[in-house]
Engineer: 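This is the structure, below, for whatever I ask next.
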Amino acid sequence: MELGKYADTVLSTYAVSLALLIGLVVWTILRGQKIRKELRKIEERGHIDG
Amino acid sequence: MSFWEYANPRKFLTTSERVLPLVWGLAAITTLVGLVWGFFFTPDDFRMGSTVKIIFLHVPSALMAINAWFMMLLASIIWIVRRHHVSALAAKAAAPVGAIMTVIALVTGAIWGQPMWGTWWEWDPRLTSFLVLFLFYLGYIALWEAIEDPDTAADLTSILCLVGSVFAVLSRYAVLFWNQGLHQGASLSLDKEENIADVFSNPLYVCMVGFALLFLALVLYRTGTEIRLRRMKALIARERLEG
Amino acid sequence: MTLTVTDLSVTRGALPVLSGVSFAIVPGEALILRGPNGIGKTTLLRTVAGLQPAYAGSIAGAEDQIAYAAHADGLKPTLSTRENLKFWAQIFGVKDVTHRVSEALADFDLETLADRPAANLSAGQKRRLGLARLGVTGRPIWIMDEPTVSLDTSSVQRFAEVVQNHLQSGGSAMIATHIDLGLSGTELDLTSYKTAPQQLDDFDGAFL
Amino acid sequence: MIALLYRDLQLAFRAGGGFGLGLAFFLIVVVLVPFAVGPQSELLARIAPGVLWIGALLACLLSLDRVLALDWEDGSLDLLATAPLPLEAIVTMKSCAHWITTALPLVVISPLLGVLLHLPGGGYLWLVISLLLGTPALSVIGTFGAALTVGLKRGGLLLSLLVLPLYVPTLIFGAEVARRGAAGLAVETPLLMLAGISAASLAVLPFASAAVLRINLR
């Protein structure tokens, strides 16, 4: 495949966009897992206390 | 069975948990197929050369940037009218996704503009409108972050979203009036003769579906996170109340 | 006009704190709220005053009848004592503004301070001015949240007299306080209305 | 209602009321611009309408956090909310007071600062008219932003972030009127749009601000 004289332009848009998208997905999932864990801890604490 | 049953947080969580793997999978496959198709198996445009491949990122992200705001507006109205917590939290969950989509649309547009228009940035109406949209996203997210009480935050951000929508439309007209612009017309439209060729539009459609599915998966997942966060806060507040 | 509260539940930060509160205040009577810190006295007062919506239950006879005095007095430091009172009298649309203002000044022994900017008043004097504000509103139901904070003994005495006069002339009052003011009325201990914690597994719209 | 407006004006004009701060800020912005872009009078004349509009807009923005925050801190807002006045009237009066104490002096002084920037002769009238028509929208939109952020610590920066995007259409049409006026072009279309935005904001936004304030007070 040949991108010609615009290779840098095309490649950099794909690189930036994919980085942003993957970053968004990773951030979303990491945060989701963290909150899930914290919630479980608090729920268990509640059961012991109550 | 009514659609509103999913407004119950627990019901939403169990259901979204069940469908999410499927949505994630579909989103990944469709986006990947679309982008690979677009990147490797399309010819160069006679005018734009290989830069035409950028539309497979630019157009879907721009579309989702606007649709995300529409979704937030709809969710805000549902919250104001019916007071379903899940709705408000879905709006909160969608905002960062919309903001990132806006950034992708802006960045791809700017990088593409460099060889095409000979400049990184042009105060073109569409680019400018997206910049303003991005500012709206920032304000919306910042307001959610700044307010402690979740119901107050939901109420205030909903109203900001309503007012902001009106002003966003106004800004669009103002910007159009202010500068007629370099940007090409819509890449896809039903009635225009100058519609782009099928070789480009087919992978583009796939990419658009892929981005929409990705948006759906992200918002479903993030709404689940927000629900858990909300429950966590409620539990902590209750513990404190019990002393 | 009787203020009737039926089966009222109030929330603080989206959590119900008090539920099933019922009482009635007839003209000429005061209701004294008791209860430990954090039980929800301020929340209840704000709800009755219409500043926040009730979670459940009803409040009747409160509309446009209430003068509310919170912890903060709402005074402007650059306006004089008289100007502060005059402003509130005008906002509440009473007819004889000047007369009411001088009456309220006399009630709380503020005449000598009438032209002093509120910034130069002591904490107790500010409090007296904040309470004098109730008198110029022309509203029959006074709702007061810890009104005696930073008042000395003689000022508390004076305040009790003013409220007693207000009651005798057909007004009523709802006061959250820890001290005994010797007013004619009933006491309501809020401790028994404290909302029982909900079941944890009941995962509903309130996330609890 | 008048009493509230009168009190706010009285407070603004007394010591520490902040009257004149916006004006001084406007003056400083306009004086600093030539230092930054160079003293060429043709260049200054070309950018003068825009600089004057931006200066006025920033001066408005600067004073917004005082519109409701002071009354919130000392408890007046709670007491006002229990008063017979509807909150819609209260926020309208607040916007009015802001406009009179902050925006109106800016409008009055703007031709003088126009001289500093070599504003072309035909531009003065349209500059004043555009500011006169546009600043009420700035005050009303700003009050909405102030109502949104009233309960927050360090709400000032957030207030700017929320209000600035909302200012975009007003700024575009307002500056366009001033610019076209200075260039001797027809100003009708942007002028009508500017007037429309101001009128619509005045008519609708007080309801939004009052709703927001009600939520913040509870």
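For the numbers below, each heavy atom of this structure counts, side chains included, while hydrogens, waters and symmetry mates do not. All figures in this text were calculated on a predicted structure; none of them were measured in a lab. Chain naming here is simple, since letters A, B, ... match the order of the sequence lines and numbering starts at 1 in each.
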Engineer: Counting heavy-atom pairs closer than 4.5 Å to chain D, which one of B:Leu133, B:Val132, B:Asp155, B:Ile147 comes out on top?
Structural biologist: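 Result: the option with the highest number of such pairs is B:Asp155.
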Engineer: If I take atom CZ from residue B:Phe177 and atom OG1 from residue D:Thr189, how far apart are they, to the nearest 0.5 angstrom?
Structural biologist: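 Rounded to the nearest 0.5 Å, the CZ-OG1 separation comes to 5.0 Å.
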Engineer: Measuring heavy-atom distances to chain B, does D:Phe144 have an atom under 4.5 Å in its side chain, in its backbone, in both, or in neither?
Structural biologist: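 It is the side chain, since no backbone atom gets that close.
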Engineer: Near D:Tyr124 OH, under 6.0 Å, is it more than 12 heavy atoms from other residues, nucleotides or ligands?
Structural biologist: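 More than 12 heavy atoms, drawn from other residues, nucleotides or ligands, come within 6.0 Å of this atom.
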Engineer: Can you check side-chain contact (heavy atoms from CB on, under 4.5 Å) on D:Arg218 and B:Asp151, steps first, answer last?
Structural biologist: CA-CA 11 Å; D:Arg218 72 177 183 219; B:Asp151 273 358; 4.0 Å; yes
Engineer: Is the count of non-hydrogen atoms from other residues, nucleotides or ligands lying under 6.0 Å from D:Leu43 atom CG greater than 12?
Structural biologist: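 Atom CG in D:Leu43 is crowded, with more than 12 foreign heavy atoms closer than 6.0 Å.
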Engineer: Let me know if D:Leu152 has heavy atoms under 4.5 Å from chain B in its side chain, its backbone, both or neither.
Structural biologist: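 Interface part for D:Leu152: side chain.
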Engineer: Looking at D:Leu166, D:Thr149, D:Val168, which one has more heavy-atom pairs under 4.5 Å with chain B than the rest?
Structural biologist: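 Result: the option with the highest number of such pairs is D:Leu166.
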Engineer: Given that the side chain runs from C-beta out, which part of D:Leu158 has a heavy atom under 4.5 Å from chain B: side chain, backbone, both or neither?
Structural biologist: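 Contact with chain B: side chain only.
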Engineer: Please state whether the side chain, the backbone, both or neither of D:Ser201 comes within less than 4.5 Å of a heavy atom of chain B.
Structural biologist: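 Looking at D:Ser201, just its side chain touches chain B.
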Engineer: Which heavy-atom pair separates D:Pro169 from B:Ala174 by the least distance, and what is that distance?
Structural biologist: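 In this case the closest contact between D:Pro169 and B:Ala174 is CA-CB, 4.0 Å.
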Engineer: Could you look at D:Leu171 and say if it's the side chain, the backbone, both or neither that has a heavy atom under 4.5 Å from chain B?
Structural biologist: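 For D:Leu171, no heavy atom lies under 4.5 Å from chain B.
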Engineer: Please round to the nearest 0.5 Å and tell me the distance separating atom CG of D:Leu161 and atom CG of B:Leu135.
Structural biologist: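 It comes to 7.5 Å.
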Engineer: Quick one: what part of D:Leu164 sits under 4.5 Å from any heavy atom of chain B, side chain, backbone, both or neither?
Structural biologist: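 Looking at D:Leu164, nothing touches chain B.
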Engineer: Counting only non-hydrogen atoms closer than 4.5 Å, does D:Arg214 touch chain B with its backbone (N, CA, C, O), its side chain (CB onward), both, or neither?
Structural biologist: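 Neither the backbone nor the side chain of D:Arg214 comes within 4.5 Å of chain B.
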Engineer: Which members of residues 156-170 of chain B, sorted by number, sit under 4.5 angstrom from chain D on a heavy-atom basis?
Structural biologist: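 Residues B:Leu156, B:Ile159, B:Leu160, B:Val163, B:Gly164, B:Phe167, B:Leu170 are the ones that qualify, each having a heavy atom under 4.5 Å from chain D.
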Engineer: Nearest 0.5 Å please: distance from the CH2 atom of B:Trp178 over to the CD atom of D:Glu176.
Structural biologist: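 Atom-to-atom, B:Trp178:CH2 and D:Glu176:CD are 9.5 Å apart.
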Engineer: Nearest 0.5 Å please: distance from the CG atom of D:Leu162 over to the OH atom of B:Tyr140.
Structural biologist: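 That separation rounds to 12.0 Å.
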